[in-house]
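One structure is given below, encoded as structure tokens.
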Amino acid sequence: QFVESDDDEELLFNIPERGFTGSVKLKGVIVVGEDDGSHPAEMRLFRNIPHMSFDDTAREPEQTFSLNRDPAGELEYPTKITRFSNVYHLSIHFPKNFGAETTKIFYIGLKGEWTEAHRHEVTICNYEASANPADHKLEQITPQTHFIS
């Protein structure tokens with residue numbers, strides 16, 4: 001089984017927050033394709049951009065790789081760990097291949113360390129635009145009136 005691009009050589013994979021179920025320190029990527037022109041020639045990684053589309057691929061990626069044909073999955077492309085130390089959403093863009101009309105990918109392997117995501121529950125807070133004096137009574141200060149005659 002494989003994934004093949006539709007009309008051109010570009011492919012975009014989004015691995016969403018639900019895909020990782022935590023925070024990942026991504027250390028490497030393996031890409032398996034055909035041993036022909038349909039194998040991807042370039043890979044661009046984008047970190048933590050939910051709902052990424054082809055329009056968003058014009059931005060600067062976190063890291064770009066020139067790929068070699070690897071039908072056996074023996075090559076691992078190491079990532080810059082400092083840029084991929086807290087990944088909860090990963091987008092992988094394959095902009096070109098080795099000359100075929102479409103791109104075929106059989107396997108994408110991700111190597112890294114998973115840690116549990118620390119999610120903060122929703123907190124409902126009320127803030128006062130100005131203080132209400134009735135809420136802040138001080139017994140030290142009591143209004144007194146002295147009459148001097």
Side-chain angles (χ1 to χ4, degrees), residues 1-138 140-141:
Q1 295 181 352
F2 56 87
V3 173
E4 185 173 9
S5 59
D6 291 334
D7 297 327
D8 58 6
E9 56 196 13
E10 276 191 279
L11 270 175
L12 177 64
F13 291 89
N14 283 303
I15 303 170
E17 182 176 353
R18 294 179 310 276
F20 284 141
T21 68
S23 180
V24 173
K25 181 188 291 185
L26 185 64
K27 295 183 176 183
V29 180
I30 297 171
V31 178
V32 176
E34 289 275 6
D35 194 14
D36 61 11
S38 69
H39 192 289
E42 185 178 317
M43 175 175 62
R44 304 170 74 224
L45 299 180
F46 298 88
R47 176 180 67 88
N48 301 339
I49 306 172
H51 312 292
M52 187 168 174
S53 67
F54 282 106
D55 295 335
D56 299 320
T57 60
R59 68 188 332 166
E60 186 70 25
E62 258 63 53
Q63 191 168 357
T64 302
F65 298 91
S66 293
L67 303 180
N68 295 311
R69 289 187 180 122
D70 185 20
E74 297 170 346
L75 299 175
E76 180 181 321
Y77 299 94
T79 61
K80 297 176 184 173
I81 296 175
T82 55
R83 291 190 180 190
F84 295 96
S85 63
N86 187 20
V87 179
Y88 58 85
H89 186 283
L90 181 68
S91 298
I92 307 172
H93 179 228
F94 298 98
K96 59 185 177 179
N97 59 24
F98 286 99
E101 288 186 23
T102 60
T103 299
K104 286 184 183 178
I105 296 179
F106 289 85
Y107 175 81
I108 297 174
L110 304 175
K111 180 181 177 184
E113 296 175 9
W114 177 85
T115 55
E116 186 176 354
H118 299 287
R119 307 235 186 259
H120 181 66
E121 297 294 326
V122 174
T123 305
I124 299 174
C125 298
N126 293 322
Y127 295 97
E128 297 176 348
S130 62
N132 182 357
D135 293 338
H136 306 285
K137 291 184 180 179
L138 296 175
Q140 300 170 350
I141 304 172

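Here Asp36 contributes atom CG and Arg69 contributes atom CZ; the two are 7.0 Å apart, rounded to the nearest 0.5 Å. Atom NE2 of His51 sits about 10.5 Å away from atom OG of Ser91, to the nearest 0.5 Å.
Side-chain atoms of Arg44 come within 3.5 Å of backbone atoms of Thr57 as a donor-acceptor pair (strictly under, hydrogens ignored). A donor-acceptor pair under 3.5 Å is formed between the side chain of Arg47 and the backbone N or O of Arg83. Asn97 places no side-chain N or O within 3.5 Å of a backbone atom of Ala41 that could act as its donor or acceptor partner. For Ser5 (side chain) and Thr103 (main-chain N/O), a donor-acceptor pair under 3.5 Å exists by modelled atom type.
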Exercise. Output, in order, the C-alpha distance, side-chain angles, deciding distance and verdict of side-chain contact (heavy atoms from CB on, under 4.5 Å) for Asn48 and Tyr88.
Key: CA-CA 6 Å; Asn48 301 339; Tyr88 58 85; 3.4 Å; yes
Practice problem: Please lay out, stage by stage, how Val29 and Phe84 fare under the test side-chain contact (heavy atoms from CB on, under 4.5 Å). | Solution: CA-CA 12 Å; Val29 180; Phe84 295 96; over 6 Å; no
Self-check item: Derivation and outcome, side-chain contact (heavy atoms from CB on, under 4.5 Å), residues Glu34 and Phe106
Solution: CA-CA 8 Å; Glu34 289 275 6; Phe106 289 85; 3.3 Å; yes
Practice problem: Could you go through the side-chain hydrogen bond (donor to acceptor under 3.5 Å, both in side chains) check for Asn86 and Ser23 one step at a time? | Solution: CA-CA 6 Å; Asn86 187 20; Ser23 180; 2.4 Å; yes
Exercise. Please test Tyr107 against Asp70 for side-chain contact (heavy atoms from CB on, under 4.5 Å), starting from the C-alpha separation and ending with a verdict.
Key: CA-CA 11 Å; Tyr107 175 81; Asp70 185 20; over 6 Å; no
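Residue-environment remark: CD (Glu76) exceeds the threshold of 12 foreign heavy atoms within 6.0 Å.
Under the side-chain contact (heavy atoms from CB on, under 4.5 Å) test applied with Phe65, the options Val31, Leu45, Leu75 reduce to a single match, Leu45. With respect to Leu90, the side-chain contact (heavy atoms from CB on, under 4.5 Å) criterion is satisfied by exactly one of Asn14, Val24, Leu26: Leu26. Between Met43 and the options Leu67, Ile108, Leu11, Thr64, a side-chain contact (heavy atoms from CB on, under 4.5 Å) holds for only Leu67.
Asn68 and Tyr77 make their closest contact through N-OH, 3.0 Å (heavy atoms, listed as atom of the first residue, atom of the second, distance). Across every non-hydrogen atom of Asp35 and Pro71, the tightest pair is CB-CG, 3.8 Å. When all heavy atoms are compared, the tightest approach of Ser38 to Ala100 is N-CB, 3.6 Å. Here the closest non-hydrogen pair linking Leu12 and Ser53 is CD2-C, 3.6 Å.
Under a 4.0 Å N-O distance rule, the pair Lys96/Glu42 qualifies as a salt bridge.
Below 30°, between 30° and 60°, or above 60°: for Phe46 and His93 the angle between ring planes is between 30° and 60°, a tilted geometry.
No side-chain N or O of Thr79 forms a donor-acceptor pair with one of Gln63 less than 3.5 Å apart.
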